**Student:** 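Below is a structure I'd like to ask you about.
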Amino acid sequence: VAVETLMNECKVQERAKIKKGENKGKFRVLALDERIKKFGEKQGHAATQLMAIKWLGNVGSHAGLEELTRHDLLDAFEHFEYALDLIYNSPDLVKRAKHINKKKGPIRAKPKSRRRQEN
């Protein structure tokens with residue numbers, strides 16, 4: 001649910017037009033898997049984290065042969081936290097890195113005082 005909500009917040013497409021068959025032209029709801037893949041076109045590393053959470057969530061929400069452990073749940077939280085960092089914090093880091101690279105040095109460096117340079 002948290003990943004679905006994040007996809008909505010990031011305005012990832014929720015529905016797609018059907019291109020073939022008797023329902024051609026109508027809309028269908030995209031599966032979470034498809035939405036994460038679309039999101040990955042712009043935010044690949046974050047999408048990788050979100051896909052891992054989706055798989056863990058599938059195991060946790062569908063009765064089957066596997067059960068999630070406490071460690072699996074903690075993994076999901078850690079991956080979600082990292083995805084949020086990538087989505088919301090990394091644009092600033094990318095921008096700063098580009099600025100540092102363009103300047104070929106620190107952004108906020110203070111000029112050395114003349115006295116130190118002369119010694």
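Positions are given from 1 along the sequence. Not measured: the values here are computed from a predicted model.
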**Student:** From Met7 CE over to Lys38 NZ, what is the distance, rounded to the nearest 0.5 angstrom?
**Tutor:**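 Answer for the CE-NZ pair, Met7 versus Lys38, is 12.5 Å.
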
**Student:** Considering non-hydrogen atoms only, spot the tightest contact between Arg35 and Val12 and give its length.
**Tutor:**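 Of all heavy-atom pairs spanning Arg35 and Val12, the closest is NH2-O, 2.8 Å.
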
**Student:** Rounded at 0.5 Å granularity, tell me how far CG in Leu74 sits from CG in Leu68.
**Tutor:**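 Output value for this atom pair is 11.0 Å.
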
**Student:** With salt bridge (Lys or Arg N to Asp or Glu O under 4.0 Å) as the test, would you mind laying out the steps for Glu34 and Arg15 before giving the verdict?
**Tutor:** CA-CA 10 Å; Glu34 294 172 292; Arg15 301 178 331 143; over 6 Å; no

**Student:** Taking atom NZ of Lys103 and atom NE2 of His99, what is their separation to the nearest 0.5 Å?
**Tutor:**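 Result: 6.0 Å between the selected atoms.
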
**Student:** Partners of Lys37 by salt bridge (Lys or Arg N to Asp or Glu O under 4.0 Å), sequence neighbours excluded?
**Tutor:**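 Expected list: Asp33.
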
**Student:** Specify the closest pair of heavy atoms between Ala46 and Ile87, including all atoms of both residues, with the distance to one decimal.
**Tutor:**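 Closest approach of Ala46 to Ile87, heavy atoms only: CB-CG1, 3.7 Å.
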
**Student:** Strictly distance-based, threshold 3.5 Å: is any side-chain N or O of Arg28 a donor or acceptor partner for the main-chain N or O of Ile18?
**Tutor:**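 Judged by distance alone, no pair lies under 3.5 Å.
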
**Student:** Is a donor from one side chain sitting under 3.5 angstrom from an acceptor on the other, for Thr69 and Asp72?
**Tutor:**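 Present: a donor and an acceptor within the cut-off.
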
**Student:** Please report the closest heavy-atom contact between Leu30 and Gln13, naming both atoms and the distance.
**Tutor:**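 Between these two residues, the closest heavy atoms are CD1-O, 3.5 Å.
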
**Student:** What heavy-atom pair brings Leu50 and Ala83 nearest, and what distance separates the two atoms?
**Tutor:**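 Residues Leu50 and Ala83, closest heavy atoms: CD2-CB, 3.7 Å.
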
**Student:** Got a second to check how far Ile53's CD1 is from Asn58's CG, nearest 0.5 Å?
**Tutor:**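 The distance works out to 12.0 Å.
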
**Student:** May I ask whether Leu56 and Phe77 are part of the same hydrophobic cluster, defined by side-chain heavy atoms of I, L, V, M, F, W, Y residues being less than 4.5 angstrom apart, directly or through others?
**Tutor:**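 Leu56 does not cluster with Phe77.
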
**Student:** Going by distance alone, is a donor N or O of one side chain under 3.5 Å from an acceptor N or O of the other, for Arg96 and Asn101?
**Tutor:**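 No donor-acceptor contact under 3.5 Å links the two side chains.
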
**Student:** Hey, what do you get for CD (Gln49) to OH (Tyr82), rounding to the nearest 0.5 Å?
**Tutor:**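 Interatomic distance, Gln49 CD to Tyr82 OH, rounded to 0.5 Å: 6.0 Å.
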
**Student:** Same cluster or not: Phe80 versus Leu73, using hydrophobic residues (I, L, V, M, F, W, Y) connected whenever any side-chain heavy atoms lie under 4.5 Å apart?
**Tutor:**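 Shared cluster, no.
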
**Student:** Could you state the interatomic distance from NZ (Lys26) to CG (Asn23), rounded to the nearest 0.5 Å?
**Tutor:**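 Lys26 atom NZ to Asn23 atom CG measures 5.0 Å (nearest 0.5 Å).
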
